[in-house]
Enquirer: 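My questions will all concern the structure given below.
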Amino acid sequence: MPVSLTVGDLALAVLAASLWIVPPAITMWRIRRSRDLVDTPTDVPADRPLVSVIVPARDERRNIEPCVRSALAGRYDALEVVVVDDRSADGTGDAARAIGREDPRVRVVENPELPEGWFGKPWACETGARAAIGDIFCFTDADARHGPFLVARAVNAIRAGDLDMLSVAGRQELGSFWERVVQPHVFWMIGSRYGGTDAVNRSRRVQDKIANGQCIFVRRDAYAAIGGHGAVRDQVAEDVAIAQRLFAAGKRTELVVSKEDLTTRMYTSLGEIMAGWRKNVFAGGREAMPGGGLGQMLFPVLLVLFPILTLAPPIALAVALAAAAPPWVVLGAALALVAELATWGAVNRWMGVPIGYALLFPLGAVVFVVIAVQAIARGSRVEWKGRAYVTTSRAPHTSR
């Protein structure tokens, strides 16, 4: 028999589904309000400063050559590339030195033994900074690929805005099935927390400042003023921490996007995705959580709640249909599910993923739950590339 819906049923259904309609719409609006680096001129200034591209690399043989060659191919000639071979066992240093024999702008530095109290990446970045001679440092990951105008645009943006730090968020290359299913969930969570670059740059709160460790330009003097990577030596999310410490010290920081100037493929398999995000999704996220001690206490709940809320609409609709729930409950669950599909269609388009993957959002959420639970179970213990660390929470001042 057909089921009649009253106005009250419709109102209750919309109210029940509003959690999956309103917040995602607001988040998408905030994300879209972002400054794109491609709007910056590409002219190379006559008095161009020397830029040191610093690449910390541990067992990155697969990535190091494309990364270095992309930096060398840029249209900015006042440049050096410092590759820090962080005790690699796969020939990373040999591959970089081979490029250096072709191009004198490339230098390979052997990273000294990891000191007590330091994490691997901050130590490698610190080593690279000590060896670099540029006026501006560009810290970049080995899995990043630079566009030809990245450095020129970044230098012009730094000068035009009188910035001390400029970080670029580029395009995430998602080539495999699992990358396309899982990675959008992580980046959607980050977008939900911080919004677009306008929100990050306009905020006057230290805890709202972030940087993308795949590409951070920073003036040498500003970097030295905060103590370099020594200021974030035991932070798993050292990129976020260094942006916050620069801002807390009164430095001008800015985040921009550019899918044209920067491309990164972080992981290539489900195993890499889980290991990579398990490393920092909890420990790093907790470090950057606002609200002090209370915020850090609540963070594990919020981390798991995010994917659980994503799974709620399809589960609720299945249960409501099976249990012959009141019409407004069924309709509310159906509306929430439609809203979820629309949201993930938009997220996938934002991430450059075929829109059909929106149908697989429950699978991505399940994997995210597993990653979050495993990360929370590890607590402050972080393991990455054969090293084990214990994170600390040394937040900068929360106001300026």
Side-chain angles (χ1 to χ4, degrees), residues 52-73 80-116 118-132 137-146 170 172-179 182-183 212-216 229 233 236-239 262-281 283-284 371 374 378 381-389:
S52 296
V53 178
I54 300 169
V55 189
R58 179 173 172 84
D59 294 333
E60 292 284 1
R61 180 63 183 261
R62 179 179 71 191
N63 290 312
I64 196 64
E65 183 173 354
C67 174
V68 173
R69 291 197 183 280
S70 72
L72 294 173
E80 68 166 351
V81 178
V82 179
V83 177
V84 183
D85 182 14
D86 190 11
R87 299 178 170 258
S88 302
D90 66 347
T92 295
D94 293 336
R97 276 185 285 270
I99 304 173
R101 287 192 288 270
E102 302 172 9
D103 194 321
R105 293 178 295 171
V106 178
R107 288 188 289 135
V108 180
V109 178
E110 297 292 334
N111 203 26
E113 185 175 350
L114 188 67
E116 184 72 25
W118 282 76
F119 284 15
K121 185 178 177 182
W123 176 236
C125 288
E126 180 78 11
T127 297
R130 291 175 182 177
F137 297 155
C138 171
F139 295 99
T140 192
D141 286 351
D143 53 13
R145 309 290 179 262
H146 294 190
Q172 297 297 320
E173 184 179 344
L174 308 176
S176 69
F177 172 82
W178 287 110
E179 290 172 88
V182 181
Q183 290 287 71
N212 173 27
Q214 296 161 359
C215 185
I216 299 176
H229 273 83
R233 61 186 176 274
V236 66
E238 87 293 330
D239 49 359
L262 184 72
T263 302
T264 308
R265 188 173 186 183
M266 299 177 66
Y267 311 115
T268 61
S269 67
L270 179 59
E272 288 184 2
I273 292 169
M274 297 190 70
W277 289 119
R278 187 169 58 227
K279 165 178 66 76
N280 57 17
V281 73
I371 293 172
Q374 290 179 340
R378 288 174 178 262
R381 294 178 294 110
V382 175
E383 295 180 9
W384 187 242
K385 293 191 174 182
R387 288 171 172 162
Y389 314 100

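All residue numbers in this chain count up from 1 along the given sequence. All values below come from the heavy atoms of this structure, side chains included, with hydrogens, waters and symmetry mates left out.
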Enquirer: Starting from the C-alpha separation in whole Å, work towards a yes-or-no answer on side chain to side chain contact (heavy atoms under 4.5 Å, CB included) for Glu113 and Arg87.
Expert: CA-CA 8 Å; Glu113 185 175 350; Arg87 299 178 170 258; 3.4 Å; yes

Enquirer: CD/Glu110 to OG/Ser88 distance, rounded to the nearest 0.5 angstrom?
Expert: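 Here the rounded value is 8.0 Å.
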
Enquirer: Specify the closest pair of heavy atoms between Gly213 and Ile216, including all atoms of both residues, with the distance to one decimal.
Expert: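 For Gly213 versus Ile216, the nearest heavy atoms are CA-CD1, 3.9 Å.
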
Enquirer: Heavy atoms, side chains only, cut-off 4.5 Å: are Pro56 and Phe139 in contact?
Expert: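 Of all side-chain heavy-atom pairs linking Phe139 with Pro56, none is under 4.5 Å.
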
Enquirer: Identify which one of Arg145, Glu173, Gln172 satisfies the side-chain contact (heavy atoms from CB on, under 4.5 Å) criterion when paired with Arg265.
Expert: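 When Arg145, Glu173, Gln172 are each tested with Arg265, the side-chain contact (heavy atoms from CB on, under 4.5 Å) holds only for Glu173.
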
Enquirer: Step by step, would you call Arg130 with Val109 a side chain to side chain contact (heavy atoms under 4.5 Å, CB included)?
Expert: CA-CA 10 Å; Arg130 291 175 182 177; Val109 178; over 6 Å; no

Enquirer: Which atom names give the shortest non-hydrogen contact between Phe137 and Ala132, and what distance separates them?
Expert: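 Closest approach of Phe137 to Ala132, heavy atoms only: CE2-CB, 3.6 Å.
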
Enquirer: What heavy-atom pair brings Gly175 and Glu179 nearest, and what distance separates the two atoms?
Expert: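 Closest heavy-atom pair between Gly175 and Glu179: N-OE2, 3.3 Å.
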
Enquirer: Step by step, would you call Met266 with Gln214 a side chain to side chain contact (heavy atoms under 4.5 Å, CB included)?
Expert: CA-CA 9 Å; Met266 299 177 66; Gln214 296 161 359; 3.5 Å; yes

Enquirer: Mind listing the closest non-hydrogen atom pair of Asp239 and Asn212 along with its distance?
Expert: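 Where Asp239 meets Asn212 most closely, the heavy atoms are OD2-C, 3.9 Å.
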
Enquirer: Got a second to check how far Thr264's OG1 is from Leu174's CG, nearest 0.5 Å?
Expert: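 Spacing of OG1 (Thr264) from CG (Leu174) equals 10.5 Å.
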
Enquirer: Any chance you could lay out the side chain to side chain contact (heavy atoms under 4.5 Å, CB included) test for Cys67 and Glu60, step after step, and finish with the verdict?
Expert: CA-CA 10 Å; Cys67 174; Glu60 292 284 1; over 6 Å; no

Enquirer: Are Leu72 and Ile99 side-chain neighbours, meaning at least one heavy-atom pair lies under 4.5 Å?
Expert: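 A side-chain contact exists here, since the closest heavy-atom pair is under 4.5 Å.
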
Enquirer: If we check side-chain contact (heavy atoms from CB on, under 4.5 Å) with Arg58, which of these qualifies: Asp85, Asp86, Val84, Asn111?
Expert: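 The side-chain contact (heavy atoms from CB on, under 4.5 Å) with Arg58 is passed solely by Asp86 among Asp85, Asp86, Val84, Asn111.
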
Enquirer: What distance do Gln374 atom CD and Lys279 atom NZ have between them, rounded to the nearest 0.5 Å?
Expert: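 Spacing of CD (Gln374) from NZ (Lys279) equals 15.0 Å.
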
Enquirer: Could you grab the distance from atom CZ of Arg278 to atom CD1 of Ile371, nearest 0.5 Å is fine?
Expert: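 CD1 of Ile371 is found 8.0 Å from CZ of Arg278.
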
Enquirer: Indicate yes or no: does Asp141 engage Lys121 in a salt bridge with an N to O separation below 4.0 Å.
Expert: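 Yes, charged N to carboxylate O under 4.0 Å.
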
Enquirer: For the side-chain contact (heavy atoms from CB on, under 4.5 Å) test, which of Ile64, Val55, Asn63 pairs with Thr92?
Expert: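 Going through the options one by one, the only one that passes is Ile64.
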
Enquirer: Which atoms form the tightest heavy-atom contact between Tyr267 and Gly276, and what is the distance?
Expert: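 Heavy atoms only, the tightest pair is OH-CA, 3.3 Å.
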
Enquirer: Could you report the tightest heavy-atom contact between Cys215 and Leu262, atom names first, then the distance?
Expert: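 Shortest heavy-atom separation between Cys215 and Leu262 comes out as CB-CD2, 3.6 Å.
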
Enquirer: Is the backbone of Gly271 close enough, under 3.5 Å, to the side chain of Trp178 for a donor and an acceptor to pair up by distance?
Expert: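 Looks like no, no N/O pair under 3.5 Å.
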
Enquirer: Looking at CZ of Phe119 and SG of Cys125, how far apart are the two atoms once the value is rounded to the nearest 0.5 Å?
Expert: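 Result: 13.5 Å between the selected atoms.
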
Enquirer: Please check if the side chain of Arg107 supplies one atom and the backbone of Ala131 the other of a donor-acceptor pair under 3.5 Å.
Expert: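 Such a contact is found between Arg107 side chain and Ala131 backbone.
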
